[in-house]
There are 2 protein chains.
Amino acid sequence: MWPRYAVAAMDSDEYRDSRGKTLADYPRPSVAVDTAVLTLDDEHGLLVLEVRRASGRGWALPGTFLHPGETLADAVDRSLRLKANVGGLHPRQLHVFDDPRRDDRGWVLSVAHLDVVQPERLQYRFPEATRLMPVSAPGRLIYDHADIVARAVEHLRARYLDKPDPYRLLGEQFTIRELRLAHEHVAGRPLQRDWFRRTMEPQLVPTGTMVSRGRGRPAELFRRHED
Amino acid sequence: MWPRYAVAAMDSDEYRDSRGKTLADYPRPSVAVDTAVLTLDDEHGLLVLEVRRASGRGWALPGTFLHPGETLADAVDRSLRLKANVGGLHPRQLHVFDDPRRDDRGWVLSVAHLDVVQPERLQYRFPEATRLMPVSAPGRLIYDHADIVARAVEHLRARYLDKPDPYRLLGEQFTIRELRLAHEHVAGRPLQRDWFRRTMEPQLVPTGTMVSRGRGRPAELFRRHED
DNA sequence: AAAATAGTGTCTTTTAGACACTATGGA
DNA sequence: TCCATAGTGTCTAAAAGACACTATTTT
C-alpha cells in the first residue's frame, strides 16, 4: 500500500525524474495502423485486400506508421493510397495489438482497422503489388494479420444482422435480391428469402423503378434512407 | 497514381531517408491508458472510480503512460495500483483517442479501457485521492474521460443483455434477486422478474443452499458454470 | 395477520421460420 | 411453354411479455 502523497508525486502529468524529464520524455512506442479492406465479389464473396511486402516475400495487410499530427484515420487513408492506390474510405478501429515483441523491428503497437469499399474503387489498385483473397482463405499473412481479418469479418457480421448493408458494399440503388446476396456473403450462409425481405424492406425507400437482371420477373430498385 | 516501384520503396519496413533513418526513427507519440473502473453499489447503482489530478484541481479517470516492454493491460494494472491502490483486474480495450491536439502536454494517444471490479476490492482505495461517482452523473472530468465512461457503460449493457453477470460484479454465489438487481443497475431500468429468472436460471448451477436475506421467503443460492 | 419475496402456471403478443401460392418477365 | 425470380398470404414454432396464483418467510 502506498502513502497518499506518493500518488500525487507519481502522477504522470507532473512526475519528473532526477534529470527533470517527464514520463512523456521516456521511450515511446512506434504506432502503426493495419487495415483489413473488405469488398464484395459476386463469385468469390467477401474479399480482403493484401499487399506484397517491400522485401518481395510474403503478403500483409496494408499498413504504415503513424506520422506526427496525423489521426489514425489519416494514417489508414495514407497507407491505402500509397500501397494499393485506394482512397476515400471510412476506417473503423478494431483492436490494439500490444505485445511488446510482436514486431521484430522493435517496439511497435498496431491499431487494427476495418474498412469496407465497393469493388469498383479497387479497380485501379496496383496490379502486381496487391491481391484480393477470400476472407475464408486469406493465405499466409505476417504477424497477427490473419487475426485482424477474422476480427473484421466478425465485426461486419454483427453489423449486418438486421440492417440493410450498413457499410455500403452496394451502390446507391439495388434490388432486394442483390441486397440479400450481399448479406449472405457477409453471413457466410444462405438467408431466408421471405424473412429477409420482410425485415429489410421497411428500412428502405422504394424508387418505383423496375429492373430486369437475367431471367425472372423484374424487381424494384430500392435505396437507403437519407441520414 | 503511383508507379509500382514506388510502392516497395516507400513501404514502411524498408524506407530510409537521406540520413538513413527508418520511419520508426521519426517522432513517436506517447501512448497512455485511461480506465473506467466500474463497480456496483446497492444504493447508488453503477459507480465509476475517479482520481484527483496531481495538480489537485479536478478529477480524471486513472491513467498512465505506457512503459517500454509493457502491455496495455500491464499499464492499466500499474496505474490502478499507483493511483487508487486497486489491483488484480482484467481490463478490456474500448477505443483509441487519437486527436493530435487532445492533450495539451503534447502528442498523446490514449487507449481507453473498461474494467469491472467487485465493491470490496475498492475498500482500501486512497480515501482522499479517489472518489466513486454514479455513471449517470460522473461530475466534471478532463479531456474525453466522460466519453470513456459512456462507452464503458454502453459496452457493459450490451454484454449484460442475456448472460448472467458476465463481468462478475457479484461474488461466487448469489440469489436470482441479487443477480436481477445487478442487471437492473447495469441496464438502467427495471427488468421483468419472471422473464429474468427464466432466461438466467438455465445458465446457472443451483447450490441447494437456501438463504434468507431480509423479509420474504428464502431464496436458493446459485453459482456460475465452470469454464 | 400483514407484508414481502420466491417460484411457477398459463395466457397473449411478437417474432422467426416454413411453406405455398400468384405474378411477371426471359429463354 | 417452361423456368427463374418477385412479391405476398398464412400457418407454425419459439420467444418475450404480462398476469396471477401458491409458497414461505419476517415483522
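These values consider heavy atoms only, across backbone and side chains, with no hydrogens, waters or symmetry-generated copies. Just so we're on the same page: letters track the sequence lines, and every chain starts at 1.
Taking atom CZ of A/Arg193 as the reference point, atom P of D/dT8 lies 11 Å away to the nearest angstrom. The separation between A/Glu201 atom CD and D/dG9 atom P is 11 Å, rounded to whole Å. Between the P atom of D/dT8 and the CD atom of A/Glu220 lies a distance of 9 Å, rounded to the nearest Å. In this entry the distance linking CZ of B/Phe222 with C1' of C/dA6 reads 10 Å, nearest Å. The CH2-C1' distance, from B/Trp195 to C/dT14, rounds to 15 Å in whole Å. A straight line from CZ of B/Arg180 to C1' of C/dA4 spans 12 Å, rounded to a whole angstrom. Going from atom CZ of B/Phe196 over to atom C1' of C/dT8 covers 17 Å, rounded to whole Å. Regarding B/Gln203, its CD atom lies at a distance of 14 Å from the C1' atom of D/dA15, rounded to whole Å.
Around the CD atom of A/Gln123, the shell of radius 6.0 Å holds more than 12 heavy atoms that belong to other residues, nucleotides or ligands.
Side chain of A/Arg217, nearest nucleotide from D/dT24, C/dG17, D/dA6: D/dA6. Nearest nucleotide to the A/Arg215 side chain, out of D/dG17, D/dC3, D/dT24: D/dC3. In the set D/dA16, C/dA18, C/dA16, the nucleotide with an atom closest to the side chain of A/Gln192 is C/dA18. Nearest to the side-chain atoms of A/Asp194 among the listed nucleotides D/dA6, C/dT8, C/dA20 stands C/dA20.
Mapping A/Met210 and A/Gly216 onto DNA chain D by nearest heavy atom places A/Gly216 at the nucleotide closer to the 5' end. Between B/Glu178 and B/Arg198, the residue anchored closer to the 5' end of DNA chain C is B/Glu178, taking for each the nucleotide with the nearest heavy atom. Each of A/Ser212 and B/Ala219 lies near DNA chain C, and the nucleotide nearest B/Ala219 is the one positioned closer to the 5' end.
Under the 3.5 Å distance criterion, with hydrogens and angles disregarded, no donor-acceptor pair is assigned to the side chains of B/Arg52 and B/Thr130.
The CD atom of B/Glu50 sits 4.5 Å away from atom CG of B/Leu141, with the distance rounded to the nearest 0.5 Å. B/His185 NE2 to B/Arg180 CZ: the interatomic distance, rounded to the nearest 0.5 Å, is 11.0 Å.
Taking the six-membered ring where the residue is Trp, B/Tyr167 and B/His155 present perpendicular rings, their angle passing 60° and hence far from 30°.
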